[in-house]
Amino acid sequence: MYLALLVIFLQCSGLYTQEGVFTFNTVEIKVQPSVKVKNGAPMSIVCRADISKNTDFQLKHNFTIFKDGKLVFMTVTDREDAKYEISVARSSDTGEYECTVEARGKTKSSNSLHVWVKGMTKPILTAEKEEVLEGEVVKLRCELPEEVPPLHFFFRKIKTNSIPKEKRVFEPYRNFSEVEFSVEEADNILQFDCFGRRFVQLEFEDSEHSNTTLVTVREPFIKPTLNAKPSSNITEGDRIQFECSTVVARMRDIEILLQKNKTILKSVQDEVLKYSTVATLEDSGEYLCKVEQGRASKTTKLNVVVSELFPKPTLAASMSNLDENKELTLSCSISGFRKANFSILRKNSNGDTLLKNSRNLTMRVNVNDTGSYTCKAEVKGIVKESKPVRINVYAPVSKPTLSVVSGLPEVVLGKPLWLICRSAMGTPPIIFTFYKGNEVKKRVTNDTYAMFLDENIRQNDKRGYKCDARNNHSSGMKTSNILNITVIVPIRDASLGSIPYGEVEDGSETAFLCSVKEGSWPIHFKLFRKTDREVLLFEQIENADRVMWHKKAMKKQDTGTYFCVASNRANVDVKSHPITISVILATWKKGVIAAFSLILIVGAVTLALYWFLRKKKKAKGPSLEMSGSALATNLTSEKLTRQPNDGDYYSGSGYIEDNENHVKSADESKAPVQKGTETVYSEIRKANHDSVENRHSRIQGHPDAT
């Protein structure tokens with residue numbers, strides 16, 4: 001029975017599951033009447049789900065509507081659509097709308113839809129005060145109560161017959177804004193309004209203008225009056241008095257100022273200002289009276305003309321340029337006017353120095369009297385000053401000195417020459433003139449010295465230099481002494497030679513010659529030998545283009561490379577090409593060694609022959625030895641007494657032949673040695689002679705050889 005019930009339950013469950021199958025096809029959202037709705041009109045957001053079912057059965061739908069990602073409406077219904085109604089649409093309802101439907105765990109959303117509620121609510125403008133004083137401020141508040149920030153607020157100050165003044169404020173987080181407008185002079189009845197602006201769909205949208213608010217302005221004080229007494233047209237020397245006054249509502253913080261050309265002449269904290277002065281020509285112009293209280297200010301202008309009482313005086317000098325110890329006369333005068341108090345002054349950086357209260361001044365001048373002079377004239381308390389007159393008093397120039405800037409009167413060929421001309425005395429400016437020979441090279445105006453550069457220096461240029469100096473003194477020009485310049489020719493092409501050259505016998509004398517092709521005297525010569533290091537052998541300063549040094553006895557350690565260095569006052573070291581000297585064994589030493597070697601060879605041969613004969617004698621026996629000995633003695637004796645051409649005694653005896661042949665070979669070997677020694681010495685003499693000749697010919701071929 002249980003098995004049957006289980007089968008029935010499973011069949012019913014499968015049947016139920018098959019009957020409840022559904023799927024969402026689409027979910028749509030739309031706006032009624034359209035996506036653009038006028039502000040204040042009703043609108044509806046409709047969400048509809050298109051669903052497919054396997055059978056007709058009821059299904060609960062959960063509808064959710066979002067605006068800009070925020071939930072604004074939710075409902076559960078078995079209908080396949082839902083409606084979110086807004087009876088009065090406002091600009092705050094503008095945004096992106098989206099609908100989501102959920103049923104039995106399945107969810108589907110619509111596409112987003114932008115809804116634009118066009119038009120903004122009318123802003124509300126309020127003013128903190130309805131009546132203000134000039135100089136105060138009007139505080140305004142503009143509000144858009146039904147709008148959502150960010151918002152832009154525009155405030156306008158409207159005056160009759162003038163362009164409205166506008167202020168703009170951005171409010172990112174508030175739907176209201178506040179500003180202040182200052183109340184200026186001549187503001188009477190002011191009108192203010194405002195409007196709002198927002199940014200929608202890449203467009204700006206403005207609200208209508210707010211209500212107009214009226215603000216009445218009262219004057220804190222009246223416009224000031226400015227008067228000049230006795231008149232605004234007066235003559236210099238007369239006293240003029242200015243009076244500026246106003247009427248104020250309250251005295252607190254009131255101030256009156258009198259100014260001319262932005263210079264404040266006087267100020268008071270009262271209703272009346274008075275200012276008087278003795279009029280001068282400089283007092284002509286526009287005067288301004290200004291009343292200030294807080295931010296309020298009012299001004300009045302007055303133009304004053306001051307007529308000239310007398311013209312400026314004129315200072316005349318008998319001479320403007322004169323020698324020291326000369327007489328100078330200064331005279332002060334006024335054109336067409338003689339009754340005045342005159343004074344003559346000298347102008348200084350620390351103030352004027354009064355010289356005389358008179359219209360004329362005569363004095364004997366010196367150099368210290370050089371400067372600017374003026375005169376003053378006074379009439380009725382009015383003092384006027386003349387234009388300054390420049391007086392130059394000159395002391396004569398002293399004889400100038402001409403010298404080389406570097407010190408010594410010389411210059412290296414190819415280098416520039418700087419000359420300086422000085423005059424120890426003389427009133428500047430001084431005109432210096434440079435000459436090379438009689439040719440004018442340069443003119444310079446300076447105070448005490450001048451410099452001249454000559455870059456065209458030649459080796460054989462014999463022209464001297466001079467300069468002259470002069471100023472405005474009547475004594476005229478002074479000329480320096482003639483300066484002769486030594487032109488130093490730098491060393492060129494140093495060379496080194498030796499006698500003998502190349503190979504030098506041990507113990508012999510060697511001469512080294514260092515010479516230069518060109519260069520000014522004196523010349524500093526140095527001779528070096530270079531092996532593993534450079535060794536200074538000889539140095540000497542000569543007034544010549546060459547120097548010779550003798551090495552008395554050359555030794556083996558003198559073998560090496562030699563070179564010389566030459567320099568002069570041009571301070572340039574010139575190095576010669578190196579030469580190589582090899583010290584070899586002397587000829588007589590070679591002969592001694594050869595003779596000694598020959599003696600050793602002869603001794604060795606004699607000793608060997610003696611040993612051979614002695615051995616042979618022992619082999620013949622005692623008798624033969626005796627007879628042979630006697631015979632040998634006789635033969636030897638006879639040999640010594642007979643002539644060499646008696647050759648009969650030598651035949652038949654091999655010992656004698658050998659001995660004779662040995663002696664002959666010894667004699668023959670001696671003769672060539674003697675001959676060879678003479679030949680070697682001859683060759684040495686010839687070699688020395690050839691070496692000297694070769695050296696002489698090499699030196700003669702040298703450009704500097706003598």
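- Tested against N321 for a side-chain hydrogen bond (donor to acceptor under 3.5 Å, both in side chains), the candidates T370, N392, N472 yield a single pass: N392.
- Note that K442 lies outside the cation-pi zone of F452, set by a 6.0 Å cut-off to the ring centre and a 45° limit from the axis.
- Contact of the H524 side chain with the E539 side chain is registered, since non-hydrogen atoms from C-beta on lie closer than 4.5 Å.
- For the atom pair S582 OG and M554 CE, the distance stands at 9.5 Å (nearest 0.5 Å).
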Exercise for review: Test N484 against Y465 for side chain to side chain donor-acceptor pair (under 3.5 Å), laying out the working first.
Suggested key: CA-CA 6 Å; N484 293 313; Y465 295 88; over 6 Å; no

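- Of all the heavy atoms in V405 and M451, the pair that sits closest is CG2-CE, 3.6 Å.
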Check your understanding: Can you check side chain to side chain donor-acceptor pair (under 3.5 Å) on N471 and T427, steps first, answer last?
Key -> CA-CA 7 Å; N471 61 1; T427 305; 4.8 Å; no

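- Around CG of N360, the count of heavy atoms belonging to other residues, nucleotides or ligands within 6.0 Å exceeds 12.
- Not a single donor-acceptor pair under 3.5 Å links the side chain of S508 to the backbone N or O of V504.
- Here the OG atom belonging to S576 is positioned 8.0 Å from the CG atom belonging to L527, to the nearest 0.5 angstrom.
- Under the 3.5 Å distance criterion, with hydrogens and angles disregarded, a donor-acceptor pair is assigned to the side chains of S495 and S515.
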**Study point:** Audit row: S403, R422, side chain to side chain contact (heavy atoms under 4.5 Å, CB included) steps and yes/no
**Key:** CA-CA 9 Å; S403 60; R422 287 189 178 93; 4.3 Å; yes

Check your understanding: Checking salt bridge (Lys or Arg N to Asp or Glu O under 4.0 Å) for the pair K326/E324: CA distance, chi angles, key distance, verdict?
Key -> CA-CA 5 Å; K326 294 289 185 179; E324 61 179 353; over 6 Å; no

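- Taking 4.5 Å as the limit, every side-chain heavy atom of Y373 sits out of range of all side-chain heavy atoms of L361.
- Remark: side-chain polar atoms of R470 are not paired, donor with acceptor, to backbone N or O of G476 under 3.5 angstrom.
- A cation-pi arrangement is absent between K466 and F434, since the terminal nitrogen or guanidinium carbon is not both under 6.0 Å from the aromatic centre and inside a 45° cone about the axis.
- The backbone N or O of V489 sits less than 3.5 Å from a side-chain atom of N568, completing a donor-acceptor pair.
- Scanning all heavy atoms of the two residues, the minimum distance from E505 to V583 falls at C-CG1, 4.3 Å.
- Listed here is the closest heavy atom pair of T559 and R529: O-CD, 4.3 Å.
- Under the 4.5 Å side-chain criterion, counting only non-hydrogen atoms from C-beta, S423 is in contact with F432.
- Judged by distance alone, with hydrogens and angles left aside, the side-chain atoms of S398 form a donor-acceptor pair with the main-chain N or O of A424 at under 3.5 Å.
- With hydrogens and angles ignored, the 3.5 Å screen pairs no side-chain donor or acceptor of S331 with any backbone N or O of A316.
- Taking the side chain as every heavy atom from C-beta outward, E410 and R569 approach each other to under 4.5 Å.
- Under the 3.5 Å distance criterion, with hydrogens and angles disregarded, no donor-acceptor pair is assigned to the side chains of S112 and E98.
- Shown here for L496 and I579, the closest heavy-atom pair between the two residues is O-CG2, 3.6 Å.
- Note that the CG atom of D506 and the CD1 atom of I584 stand 9.5 Å from one another [nearest 0.5 Å].
- Remark: side-chain polar atoms of K478 are not paired, donor with acceptor, to backbone N or O of A469 under 3.5 angstrom.
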Practice item. List the steps, then state whether side chain to side chain contact (heavy atoms under 4.5 Å, CB included) holds for L453 with L419. Key: CA-CA 6 Å; L453 172 64; L419 300 177; over 6 Å; no

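- Atom CH2 of W549 is separated from atom OG1 of T510 by 9.0 Å, given to the nearest 0.5 angstrom.
- At a threshold of 4.5 Å between non-hydrogen side-chain atoms, the residues L413 and K415 do not count as touching.
- When the shell of 6.0 Å around CZ of R463 is examined, it contains more than 12 heavy atoms from other residues, nucleotides or ligands.
- Between atom CD of residue E203 and atom CZ of residue F199 there is a gap of 8.5 Å, rounded to the nearest 0.5 Å.
- Counting heavy atoms from C-beta on, the side chains of H473 and V397 never come closer than 4.5 Å.
- Looking at heavy atoms from C-beta onward, K530 lies out of side-chain contact with F528 at the 4.5 angstrom threshold.
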Exercise for review: Under the side chain to side chain contact (heavy atoms under 4.5 Å, CB included) rule, what do D454 and N456 come out as? Steps first, then yes or no, please.
Suggested key: CA-CA 6 Å; D454 189 359; N456 188 22; 3.9 Å; yes

Check your understanding: Stepwise, does the ring pair (Phe, Tyr, Trp, His ring centres under 6.0 Å) test hold for F512 with Y562?
Key -> CA-CA 9 Å; F512 293 90; Y562 291 76; 4.9 Å; yes

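- Each of L354, L315, T353 was evaluated against L345; a single residue qualifies, L354, per the side chain to side chain contact (heavy atoms under 4.5 Å, CB included) test.
- Side chains of K399 and N481: a donor on one and an acceptor on the other come within 3.5 Å.
- Smallest separation of non-hydrogen atoms from T374 and E385: OG1-OE2, 3.1 Å.
- Within 6.0 Å of atom OH in Y610, 12 or fewer heavy atoms from other residues, nucleotides or ligands are found, so the atom counts as exposed in its surroundings.
- Of the possible polar contacts, none joining the H550 side chain to the K552 backbone as a donor-acceptor pair under 3.5 Å is found.
- For the residue pair P409 and V404, the shortest heavy atom distance occurs at CA-CG2, 3.8 Å.
- Using modelled atom types, one finds a donor on one side chain and an acceptor on the other under 3.5 Å when comparing T362 with T329.
- To the nearest 0.5 Å, atom NE2 of residue H577 and atom OG1 of residue T561 are 14.0 Å apart.
- Ring geometry for H152 versus F170: interplanar angle of 30 to 60°, hence tilted.
- By the 4.5 Å heavy-atom criterion applied to side chains, I523 and S567 are not counted as neighbours.
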